[in-house]
Amino acid sequence: MLDKNKVIVGMSGGVDSTVAAYQLKQMGYDVIGVNMRLWQDDFLEEAHFMNDGGCCSLSSVEDARRVCEQIGIPFYALDFKGVFKETVVDYFIEAYKNGETPNPCIACNKHVKFEALLEKAHQLGAYYVATGHYAKIYQDEATGRFIVEKAEAVEKDQTYALYNLTQAQLQHILMPLSTFKTKEEVRAIAAQFDVQMSKKSDSQEICFVPDQDYVGFLRRNGDFEIIDGDFYDTEGNKLGKHQGIVNYTIGQRKGLGLTFGKPMYVVDIDPEFNRVVLGSNEAVFKKELWAKAINFIYMAGIDQPYRCEAKIRYGTKTAPCIIDYVGGLIHVVFDEPQRAVTPGQAVVFYKDQYLVGGGTIIRK
RNA sequence: UGGGGAUUCGCCAAGCGGUAAGGCAACGGACUUUGACUCCGUCAUUCACAGGUUCAAAUCCUGUAUCCCCAG
């Protein structure tokens, strides 16, 4: 029987998860801190890149252990390298191989933090797994569905990366940072028992590529060749050589190595012909998109066109749109054209502050 | 080995005797759970080279080099 008062907290050793654990302890939960060992890269460890990290930092085990001691909760470091490799790293490599831009955090949430870790929690008898994400999760009394709502701290809201979670997962998840209005409040609490840690900067890179060189990561870990190809304009004229499609994402301006007298942006990536199409900023805007692998949270699904808002990239604003199921895919039509619709990225739907659902943008 | 035109930052390009605009690229920083976008900052004591005329030249003159066009 699972203990509803028992919770496993994913501890990165950073500010957010530390405060999450602390809050739960204060609330009276039986809290266990767990640091997930996710990835090991000999290349980077030799290069001393693993010393400072973020949400999934590979080197913060000791920080996590220390704060658990300070909070007064048990701590375990557990190995999740296998599942992480299969569900996050392999997906990441595969996406680039296919000319897409992946979002590994979303995959990690779905398969590692709220699946593998949740299983581990159940093995330990805990009903809940908790993290330091900024999002609200609760059960709607009327419908019985578990709903995700944007965090109070709007600028830190992380619901975009949670659209893929199922009802089965959500009922076992706690996110105690949901009520904080700012990151500063969270830091202030952290400072009460660990000043040094409370000043850690926010994470901002792919956790398994802490040197920022994801192309180098693909070279070392990928099972495919990164091949030079040609840049084309939107008319089909050859413009020059590119260094392999993995180097580019839709909307990208920097690093093209070509000059045209005006800024040029990546408009399309064609993995089949190894082509990268460049165009003006205006050419990067699209009014519609198609998405697959749809997951709904706010409701079970839609059976007719549904008006809501959508966010097509983590750092962007939501935009009004109408979504509709067409042949097993979701068709999204925006009121206004959106910049850099990127295959592989998630499109996440919102209705006011509620997370409606989302899917993966495809090239069509 | 005859005429004509050109030569300014990696690319494009202002300047036309008064002491080197700008755009693109690049680099550095901010922002960022995606090397995206965006923003901020840096980027020719020097104008193909050598002389000359001027108080003063990238700008005028004279050679030299390279390129282009038209004539052989």
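Letters go in sequence order (proteins before strands), and every chain restarts at 1.
Taking atom P in both U8(B) and C67(B), the straight-line distance is 15 Å, to the nearest Å. Taking atom P on both A50(B) and G17(B), the two are 24 Å apart, rounded to the nearest angstrom. Comparing the same atom, P, in C61(B) and in G10(B) gives a spacing of 27 Å after rounding to whole Å. When the P atom is compared between A57(B) and U19(B), the two are found 12 Å apart, to the nearest whole Å. Separation of the P atoms belonging to U46(B) and G41(B) is 26 Å when rounded to the nearest angstrom. A gap of 14 Å separates the P atoms of G5(B) and G63(B), to the nearest Å. With both ends at atom C1', the span from G15(B) to A21(B) equals 8 Å, rounded to whole Å. For the P atoms, the distance from A44(B) to A71(B) is 44 Å, rounded to whole Å.
No donor-acceptor pair closer than 3.5 Å links the side chain of Asn295(A) to the backbone N or O of Gly358(A).
RNA chain B is contacted by both Gly261(A) and Arg313(A); Gly261(A) maps to the nucleotide lying nearer its 5′ end (nearest heavy atom per residue). Residue Gly257(A) is the one, among Gly216(A) and Gly257(A), whose nearest nucleotide of RNA chain B lies closer to the 5' end (criterion: closest heavy atom).
Base-pairing analysis of RNA chain B finds the following stems of at least three consecutive Watson-Crick or G-U pairs, with both pairing distances under 3.5 Å: B:2-7 with B:65-70, B:10-12 with B:22-24, B:26-30 with B:38-42, B:48-52 with B:60-64.
By the 4.0 Å N-to-carboxylate-O rule, Asp230(A) lies too far from Arg275(A) to be salt-bridged with it.
Looking at heavy-atom distances under 4.0 Å, Tyr248(A) makes no contact with the nucleic acid at all. Across all strands shown, Ile106(A) has no heavy atoms under 4.0 Å from either base or sugar-phosphate atoms. Residue Gly251(A) is classed as a sugar-phosphate contact, given heavy-atom separations below 4.0 Å to backbone atoms only. Within 4.0 Å of Thr101(A), counting heavy atoms only, lies at least one base atom of the nucleic acid. Within 4.0 Å of Pro263(A), counting heavy atoms only, lie sugar-phosphate atoms of the nucleic acid but no base atom.
Summarising the geometry of Leu177(A) relative to Gly132(A), their closest heavy-atom pair is CD1-O, 3.2 Å, with the distance given to 0.1 Å. The two atoms that bring Pro104(A) and Ile206(A) nearest to each other are CG-CG2, 4.1 Å, heavy atoms only. Here the shortest heavy-atom pairing between Ile250(A) and Val267(A) reads CD1-O, 3.6 Å.
Remark: Lys150(A) qualifies as a cation-pi partner of Tyr350(A) under the 6.0 Å distance and 45° angle criteria applied to the six-membered ring. Judged by a 6.0 Å distance limit and a 45° cone about the ring axis, Lys183(A) is not positioned over the six-membered ring of Tyr134(A).
Scored by the side-chain hydrogen bond (donor to acceptor under 3.5 Å, both in side chains) test, Asn281(A) finds no partners at all (sequence neighbours excluded). Scored by the ring-ring contact (aromatic ring centres under 6.0 Å, His included) test, Phe114(A) finds His133(A) as partners (sequence neighbours excluded). Among residues two or more places apart in sequence or in another chain, the side-chain hydrogen bond (donor to acceptor under 3.5 Å, both in side chains) test is passed with Asp335(A) by Arg307(A). For the salt bridge (Lys or Arg N to Asp or Glu O under 4.0 Å) test, residues two or more places apart in sequence or in another chain that qualify with Arg66(A) are Asp63(A), Asp194(A). Partners of Thr182(A) under the side-chain hydrogen bond (donor to acceptor under 3.5 Å, both in side chains) rule, at least two apart in sequence or in another chain, do not exist in this structure. Remark: Glu288(A) engages His331(A) in a side-chain hydrogen bond (donor to acceptor under 3.5 Å, both in side chains) (not counting sequence neighbours).
Listed nucleotides: U38(B), U33(B), C11(B). Nearest to the side chain of Thr259(A): C11(B).
With 3.5 Å as the limit, one finds no donor-acceptor pair spanning the side chains of Arg313(A) and Thr101(A).
Within a heavy-atom distance below 4.0 Å of RNA chain B, no residue of residues 168-191 of chain A is found. Residues from residues 337-364 of chain A with heavy atoms under 4.0 angstrom of RNA chain B, sorted by number: Arg339(A), Gln345(A). For RNA chain B, no neighbouring residue in residues 225-234 of chain A is found when judged by any heavy atom under 4.0 Å. Using a 4.0 Å cut-off on heavy atoms, none of the residues of residues 266-296 of chain A approach RNA chain B.
Between the NZ atom of Lys311(A) and the P atom of A36(B) there is a distance of 17 Å, rounded to whole Å. For Leu162(A) and U33(B), the CG to P distance is 13 Å, given to the nearest whole Å. Distance Leu256(A) CG to G23(B) P: 19 Å, rounded to the nearest Å. In this entry the distance linking CG of Leu239(A) with C1' of C11(B) reads 15 Å, nearest Å. Between Leu258(A) atom CG and A25(B) atom P the separation is 10 Å, expressed in whole Å. Rounded to whole Å, atom P of G28(B) lies 11 Å from atom NZ of Lys254(A). Going from atom CZ of Arg253(A) over to atom C1' of A36(B) covers 12 Å, rounded to whole Å. Between Tyr96(A) atom OH and A36(B) atom P there is a gap of 10 Å when expressed in whole angstrom units.
Centroid-to-centroid, the aromatic rings of Phe217(A) and Tyr96(A) stay 6.0 Å apart or farther.
Sorted by first then second residue, the salt bridge (charged side-chain N to carboxylate O under 4.0 Å, His left out) pairs that include residues 115-138 of chain A, not counting sequence neighbours, are Lys136(A)-Glu149(A), Lys136(A)-Glu152(A).
A 4.5 Å side-chain heavy-atom check between Tyr91(A) and Pro102(A) finds at least one atom pair inside the cut-off. For the pair Leu256(A)/Val266(A), a side-chain contact is recorded, criterion being any heavy-atom separation below 4.5 Å from C-beta on.
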